[in-house]
Amino acid sequence: MTLKLLKEDGLKKLIEALNKADTRVVGPKRNKAGMVTYDDVNADTELELDEVIGRYSPKDAFFPQHETVMRYKLDGKDVHVKAETPVIKETVLLGVRPCDAAAMISLNKVFTWDYVDTLFTERQKKATIISLACNNADESCFCTSVGFAPDGTEGSDILLKKIKSGGYLAELITKEGEAFATTHKSIFENAPAKADTVAIAEPTKLDIDIDRIKSWLDDKEKSWEHPLWEQLAAKCVGCGGCTFVCPTCHCFDIVDEPYGDQGKRVKNWDGCQFDHFTLHASGHNPREHQPQRWRNRFSCKFKIYPDRFEKKGCVGCGRCIRVCPVNLDITEAMTEITQIAK
Amino acid sequence: MKIPYYPGCTLNTNAKDLQECAEFSAEALGFSMVEMPDWNCCGASLPLTANSAMGYAGPTNVLIGAKEEGQKEGLEDKLVTLCAVCYNVLKRTNYAFNKDAAKLDTINSLLESDYKGDTNVVHFLEVLRDDIGFDKVKESVSKELKGLKVAPYYGCFLLRPHEEVGLDDPYAPTIFEGLLKSLGCEVVDFSHKGECCGSYSAMSNAENAAECSFSVIDAAAAAGADVIATTCPLCQYNLDSKQAMMKKNHGDMKEMPIIYFTQLLSMALGKDIGKISFKSNSINPLPLLKEKGLV
Amino acid sequence: MSEEKVENKEVWTPRIIAYVCNWCTYGGADLAGTSRKTYDASVRVIKLPCTGRIDPLFLLKAFERGADSILVSGCHPGDCHYNTGNYHSRRRWTAFRDLLEFSGIDMRRIHFSWISAAEAVKWVDVVNDVSEKTKELGPYTEFQRINEKIKEYDGIFAEQG
Amino acid sequence: MESLQSKAKELIKDASVAVIIGYAAGTKKGKTKPFFAYSEEDCEKLIFTPECVNNLTIYLTRKFDFMKKGKVAIVAKGCDIKTINVLIQENQLKRDDVVILGVSCEGVVDKDVILDRAELTADLPEDKKSIKCITCDVNTPSDFDHLFGEGVESKAIEPMTGGIYDEVDKVRGMAQGEKWNFWMEHFERCIKCYACKKVCPLCYCDVCITEKNQPQWIETSAHERGNYAWNIKRAMDLSGRCTFCGECDRVCPAEIPLNLLNQEMAKLNYEAFDGYRAGYQTEEKPPFVSFKEDDDEGFIR
Amino acid sequence: MSRVGVFVCHCGTNISATVDVAKVAEEMKNQPGVVYTEDYKFMCSSPGQGKLKEIIDEHKLDSVVIAACSPHMHEKTFRNAAEAAGLNSFKVEMANIREQCSWVHPDKAEGTVKSLDLTKKMIEKVRLNEELDKIVMPVTKKALVIGGGIAGIQAALDIAAAGTEVIIVEKDVTLGGHMIQLSETFPTLDCSQCIMTPKMVEASLNPNITIYTYAEVEALDGYVGNFRARIRRKAKSVVEEDCTGCGICQEKCPKKVDNPFEMGHGKSKAIAVPFPQAVPNVPVIDRDSCIYYKTGKCRICEKVCGPKCIDFDQQDEIVNVDIGAIVVATGYDTMPLDRFGEYGYGKYKDVIDGLTFERMASAAGFTEGEMKRPSDGKTPETVVFIQCVGSRDESKGVSYCSKICCMYSAKQTMLYKHKVHHGKAHVFYMDIRAGGKNYEEFVRRAIEEDDANYIRGRVSRVYEKGDKLIVKGADTLSGRPVTIEADMVVLATAMTARKGADKLAQTLGISYDRYNFFSESHPKLRPVETNTAGIFLAGACQAPKDVPETVAQASAAASKVLGLLSQETLKREPITAEVNEANCIACFDCLNICPYGAITSKGITDRDGNIIKEVAEVNPGVCQGCGLCNAACRSKTIELRGFKDNQIYAEINSLAV
C-alpha cells in the first residue's frame, strides 16, 4: 500500500482542484443550527475535521433521504410516465470517518442484493471516499467492540491520518485511490520515510462478542421471546431517530405525491421503528409493540446482515446512542446478551 | 384605633358643631379621627357628571393624601368623613375609577401619581356600626334619650346613586335608625327620610328648595317626630334656616328643630349639654330637650 | 411558478380560492348572480355545509396548490344554520391566523368575512377587494417558491413540476 | 431520594401498583433513562436528579398499555403533571388510574448540557437549565398522591413572559418576509423522522394524519412544502393543549426550535381566550371545543 | 375507473350568452373518468330530465355532473331525476356556472375558463361521492305538551282533533295557567273564565288527551320521533279516580292558608282546589300546611270524605311515556317587585301588581269583583297605574318590552271605571305600544270614553300620607313634576321566564336566551321550532305574548307536530358524520363541540363482552351534518358523509395551477 503526503495546504488545494473539475465534494460541515452534518463543501475552511463524528451518516450522498423515482402527468385519458434519471456528478466524500466508509460497503450489499438500485450504485461508482482516521472518540463510540477501528480502511479509497506537525499522511487503499492520487499528484506528494502522526483514538473496548450474540439470535427458541427485549425497549417511544442517523439503515417507502393532474413517485427514508412500518391493510400488525420493533432492528444488525450479506450491520459509530431520547443504548443490549449467551 | 379624617370645607366652619360632637363621641367610644394634612376641597362644586378631569383631580388628591398619611402614621387603612357630600363625591370617584381604568390613568398622569382607586372611604355612621358596633355604643350611653321622638333624615347624598355610594338601601335604610335606637330615643319612620332637601335649587329657586324642605319636615311631623336628625350640613342648613320662609306658604306649620346626629350622640354619651354648641341651629332645640326632661 | 416566468407571462390572473358555507355566503353569492351584479372572475368557490367544517388544512393545501389568496366566509354570528358553527370556527381561525402570521405567511392574502344570504353587495365588494389587493401583490411567489425548491431537490425535470 | 425508593417499594409490596414509571441512571455520562420498576429491588434503581429531563407521562398513554401489567405509579415533575391533567381532560386517563409520585424540582438540565457530579448536588445554574424551567411556576407539583424532595417554593411568574416567550416575542417582532425565511431555514432541515410527534404525550392518536395517504394532507417527503405543512399542522393540533414539556424540541435531531411554535400558540390562547393555560385544571373545556359569543373578531369583515 | 356523465346547460341564453358551453362540454370529455358529455338548452325541462335518465341508462353512468344553475335551485330536481333512473341521488353534483359565472362575469373568455374549473372541480368531487341512503327513523305517533295553560291546552286540542294522542303535563294542580286568573281580556273585554273554562273541560273530556296535573317532566332522552320522557306525578294525597269533587273535605278542613291563586289575598284550605272550576276538580293536600302531616292528628277530611279517597301515604309516581314530538308551553312568571323600593310594594298594602288587580276585578275573585282596596276595603277613588315596572329598564329590570302591559293597563283602567264611575284612573307610561287588531282603538277608548288620564313619564316615588298614597312623578310632555294623591297603585310588572326555565331547557336539550326564555330555531323562518328537532314552542315561554298570539303559536306548534307525526317514518338527508371506530382514540373533542349532542361514547367489547376500548358514536337521527366534528378531529377519524376530506381535497387539488 502506497503512502502519500498531503501538506498543510493540501486539502485547500485539493478542494480547489475538485471545484475546478466540477466534482462534488461532501464533507463534515457545520450547518445553521450549529450541528455538523455531511454536506457540499466549497472550501477547506468549511470542513469540521475535529468533530468526533457528524450528527447524521453520510449515506445521504448515495441514498438521499428523499428522491423522485418517476413522474406522471395525466393528459386527457392517458398518463405519461417518465422514469427519473438524475444527473450524477463525480463526488468525493472527504473527511468522513472510517466507520462510515465501512458502512457504505454494507449498504451496497443491500442495494445490489436482488434488484440493483442504479440510483444508489451510480452514485457510489462515481464517488471517491477519502476518510479521516479518528484522533478522538467519545463515550458513545464503540467501533473497536464490533470489529472495526478508528483507523480502519474498509470502504475507504484513501485514508488520511493527521500529522502532528500539520498536514496528513494519505494511505492509498484501493486502485481508485491510487488513480485519484495520480490525478492530483501535485497535491499527493511522496511521503517521507517516517511521519509522526497524531495518536489514534481508543474508544472504550466493551465486553461484547458479536459472534456469540449472533449464535444466540440464531437460536430463536432462546432469543425470540426473551424478556430482555421488553426490559430494554419497552421505554422506546419509536421516534426512529436511530434509523435515520444510522449509516447502515436502508429502509425506504415509496409513495405518490399528486399535484393537480400530475405527480411524482418518491422514495423516502422509512424506519423499522415506526409503528406503521409493518402494519397490514387488515389492521393487524405483526410487530405490535416497540420491543418487537427494536428486536427487529437489533437482529437486522447482528443476524440478518451477516446471514444475507456476510457483512456486519453495525459499524459502532454510536449515533443511535447519542440521538436516543430515552437512552436506549445498543451496547447495553450487546453486553447483556454477551453475558446471557455465555 | 386612629382613622384618617377628611373634614372638607364646611366641617371646620359652618358645621363645627357636627365635628366637635363627633370628635367628642369618638373619644368617648375609644377611637380618634386624625385630620389629614393639607387637604383640599372634594370638588362637590365641580360635578363629577361633567366628566372633566378637574372634577376628579380634587377628590383623587384627597384619596391619595389619606392613603399616604395612613401609611406614614400607621393609621387605619380607610378615610372617614362626616359630610354627606364629601362622602358621596369621594366614593363615586373611586367607583368611576374601578369602572374605567382609562379614567384612572388620565388622572394619575395628571397628578403624576399611581393611585389604584382603593382608598376605603367610610362615613362616621359606618365606623359606629362596623368598627364600634351599636351594641358597644348602647353600653357606652350614660344618658338615654328616652321619650325623644327623632326622625332620621338621610337626605340624598348618603344613599344615591345607590350602586355608586351604597351606604344602605335607598328606600329602606336602617343604619341611622340603628344608631338612634342605641341612644334610647324613639325612632320615627317617615316617608321622606331619603328625599332631597332641595339644596341643589337653593340658589336658583329658593321657593322650590323651601318646598322640598317643607315636605320633609311635614312628613316627619305627620309621623309624630319632635325633631329631625341629620348627617349633612347642607340638609341641616336648608331644613333649619328656611323654616321662616316655609311658614309664609304654610301658616299652620309648626317649627321643628333640625339637629346633627352627633349632637344627639355626644349628649347620650354624656357630654355636658352646656358644652354642646348649637350655633348652627336657628331653631333652638334646647326648649324641646328641656320639655323632654333631657336637660 | 418563479418570478421570472411571471414577468414574461403577458397576462397573469390571480387564483383565489374561497371557502364558503352553504347557507349564508353561498346564498349571498347566488343572490349576486340572480341580481346580475358583476365582479372579478378570479375567485373559485368551494362550498361546505358550515364554516365549522373548514379545516385549517384546507387553507394550507390551497396555498400548496398555487392559490395567491384565500377567502373564508360564513354566516354572521348568531345566524349560523347550525347555531354555533361559526363561533367555533372563529376561534379556530383566531389561532390559525396567528400561527400562519407567526410562521411568515403573508396575511394580506388571507381574508375572512361574514356574508349573509342577503348581502349580495357585500359578496361582490369583498371578492373585488380581495382580487384587487391580490393583483397589487402579484403572484404569491414567496410560497410558490417552496414548490419550486422541491423541483431543485429532484434535479432535472424542473419544468414539469 | 431515599423516601422515593422506600415509598416505591411499599407500593409494590402491598401490590397497590404493578409498576412504577420512573428514572434510573443512564448508560452514559449525564444521561438518565426512563425506567419501569416492577419489583422491590428494581425500586432501588429509582432516582431523581436535574438530569431527569424526560416527560414520562407518554408511558401513561394507551400505546404503552402492554408494559403496565396493572395499576401504574409515575414519578412526575410539576410540568409533567400538567400533561397528566390534559390527558385526563381529553379522556385518555382517569385520575384514579395513576398514582402520582410528585417530585419537587428546581429545574432540569438543558439539552446537550452534561453536569459534573459536583454540579448535580449543587443548585442548577440558570444558564444550564432547560428553557422551560425559566418560566416554570409548578416547581412543587399542583396535584400528587405522594410528594418527594424538600418543598420548593413555586415561583410566582407573570405568565407568557420571559424565557421562551421573549424569543417568541422576538419572532413576533420580525417582518413578514423575515419570519418566512427564518422558518424556512429551519423547516428545510426537517428530516420528517416525526420524532417530535412520537415523543409527545399528547400525540396519542392511533392513526396520525401523516399516515393517511387518501387524502394526502401532509406530503410524506422531507421537502419544504411537506415540512411546512407538517410543522404547522402539528402546532395547530397542540394549540390550547401543549403544556410546554419541551420534549419535541429536545429530541428533534434537526434542531428545529419547536418550542417557539408551540409556545406562540400557548401565548395566543392565553391572550385570546381569557388567559387559558393548558394543564392547570381538568374541568374547564379547552378553547377549541368551547367559545364565547363575544370572542374577538376584529380580523373578520 | 368511474363513469361520469357531464351535462352543460345553456339555460336558454342565461348561460350560453357568456359561457362557451360547447367548449366546456368538449373539454370535459378529456377529464379522467368522464365517459359522456353534452351541452343542452334546458336541462331542468322535462325533456332535459328525460335525456338525463336516458343517458344514465344508456351509458351506464355511475355519477353525474350538471353544469348549470346553483344547486340551491335545482339540485333536488336532478337528484330525483337521477334516482328515477336508478342512480343513487348522491352521485349527482352541480357545477354552478350560472349564478357564479354567466350572470356575474360578462367577459365570455373569463366566464368560460371559470366554468371549466368549476365543472372539473365537481367531476373530481363526484368521482369520490359515496352512494348514500336516506336515513329512515320510526315515529311514535304521540305528542307531549308541557304546560296546561292556554298555550298548552290549545296545542293539545288541535293535536287531539287530528286523532293523535297527546299528553298534557301541568305542574300546578289544575289546568288553566295564568289565563284562568284573568278577569276580562282585551281588546274585547270578554270574561276570561267564560272562554277558558270550556277549553279546559273540552281538554279533560277529549279521549285523545291524557292529563297529568301536579306533575313535572324529569328527564328526556331519544330524538325526533322517538323521545322518552320520565314524568313525576307528585302525590296529591287524594285518589284522583275515586274523587267526586264534592268539596266537603275543603269545607270541613280546619286549616286556613293563603290562596296563591288569589295572589295571596283570599283564603283557602290545606286541602283544596284552587278555584271552583278547576280541572280536574280534585282537591290536593298541601303537605306543608296540613295539620296531620305536621302533628299526626286531625284526618278530618278522611272522615268526611264519602268515597273515601283520601290517602295520606300516597307516594310520588313515575310515569315513562314514549312520544314522537313535544310542545313546550310553560308560560311566564312576573318579576319579583322587592327591587322596586321606590314604589313601596310590600310596604304599602294598597300598592298591588297587575295580576292582583285581575283577581280583584274578577267576579269570582277575593272581592267578588268589587273594587275594594286591600288595606281597608274602601273603594279607591283614585287609582294610579304604573307601566314598565321592570320592563325596558336595563339598570333594575330587563331590557325587553313585556308587550302586554300597555294593553292590560288600558283594560284595567276601563274595568275600574266601569265599576267605580266617579273614580279617576291615571296611567304613567313610557310609550303606548298598541300594535294589534283593534288594540290602538281599545286604548283610545280607555282615554276618550273611560277618561283615563295618561301621563307620559316615570314615577320616582310612592309614599303613604295618611290613608293616601302620594305618587310623585314627571310629566315629560309638559316637563313638570306631578304629584297624585291616590287610593291605590297598580304596577304593570314585567313578564319574565318561568323560574327554573333554564333547568327545563337543559333537561330537554333546547337552548335559551340570556333571560331564560326558550330560543326559537330561527327568529323569522322557524319561530315555533327549537334547535332540537321534534321539540316546538308555544306561548310566553319563548317571549312575552298576549293571548291571541299565544293561541296562534300554539296552533302553529300543533300543526308542526301533526306534520311530523303524520309520517310513518322520518327520512333524513344522510349527510351525517360517521366514525372510523378502528382509529378513534376517544378524545371526545367531537362530543364536546357538537351543537346537537349527537355524539356519545360507546364501548367496543371483545367476544366475552369486556369493554376493550371507548369510541365516539354518532346518532344519525340527531346529527344535522354541520361537520364541526370533522374539522375538530385531529386524525380525521370522524368524517362528514358527502363532504369527506378526500372529496374536499379533490376539489382543491383540481384547482392546482
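Just so we're on the same page: letters track the sequence lines, and every chain starts at 1.
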Interface residue of largest heavy-atom contact number with chain C, from E/Arg98, E/Lys121, E/Glu110, under 4.5 Å: E/Lys121

Best-contacting candidate, C/Phe58, C/Tyr39, C/Tyr19, against chain E by heavy atom pairs under 4.5 angstrom: C/Tyr39

Aromatic contact, E/Tyr512 with E/Phe518 (centres under 6.0 Å): no

Between C/Ser73 and C/Ser113, a side-chain donor and acceptor under 3.5 Å: yes

Within 45° cone and under 6.0 Å: E/Lys125 NZ/CZ vs E/Phe643 ring: yes

For the student: nearest non-hydrogen atoms of C/Cys80 and C/Cys50, plus distance: SG-SG, 4.0 Å

Plane angle bin for C/Tyr140 and C/Phe63 - parallel if under 30°, tilted between 30 and 60°, otherwise perpendicular: perpendicular

Distance-only polar pair, side chains of E/Asn630 and E/Asp645, donor-acceptor under 3.5 Å: yes

Residue of the set C/Arg109, C/Gln144, C/Lys133, C/Arg15 for which side-chain hydrogen bond (donor to acceptor under 3.5 Å, both in side chains) holds with C/Asp68: C/Gln144

For the student: nearest non-hydrogen atoms of E/Lys91 and E/Arg127, plus distance: NZ-O, 4.1 Å

Choice from E/Cys101, E/Pro71, E/Ser519 maximising heavy atom contacts with chain C below 4.5 Å: E/Pro71

Shortest non-hydrogen contact between C/Ser131 and C/Asp40, atoms and distance: OG-CB, 3.3 Å

Most contacts with chain E, counted as non-hydrogen pairs under 4.5 angstrom, among C/Gly52, C/Ala62, C/Ser42: C/Gly52

Contacting moiety of E/Leu118, where chain C heavy atoms sit under 4.5 Å: side chain

Donor on one side chain, acceptor on other, E/Ser521 and E/Arg526, under 3.5 Å: yes

C/His76 versus C/Glu119, side-chain donor and acceptor atoms under 3.5 Å: yes

Residues in residues 647-655 of chain E that sit under 4.5 Å from chain C, counting heavy atoms only: E/Ile648, E/Tyr649, E/Glu651, E/Ile652, E/Asn653, E/Leu655

Aromatic ring proximity, centroids under 6.0 angstrom, C/Trp114 and C/Trp93: yes

Choice from C/Ile46, C/Thr51, C/Val124, C/Asp79 maximising heavy atom contacts with chain E below 4.5 Å: C/Ile46

Sidechain N-carboxylate O distance under 4.0 Å for C/Asp55, C/Arg92: no

Contact class of C/Lys61 relative to chain E, heavy atoms under 4.5 angstrom: both

Shortest non-hydrogen contact from C/Tyr82 toward E/Cys626: CG-CB, 3.2 Å

Options E/Met122, E/Lys636, E/Met73, ranked by heavy-atom pairs under 4.5 Å with chain C, top entry: E/Lys636

Residue part contacting chain C, namely of E/Asp107, when any heavy atom lies under 4.5 Å: neither

Heavy-atom pairs under 4.5 Å with chain E, option from C/Leu48, C/Thr13, C/Thr34, C/Thr84 with the top count: C/Thr34

Interface residues of residues 24-32 of chain C facing chain E - non-hydrogen atoms under 4.5 Å apart: C/Tyr26, C/Gly27, C/Ala29, C/Asp30, C/Ala32

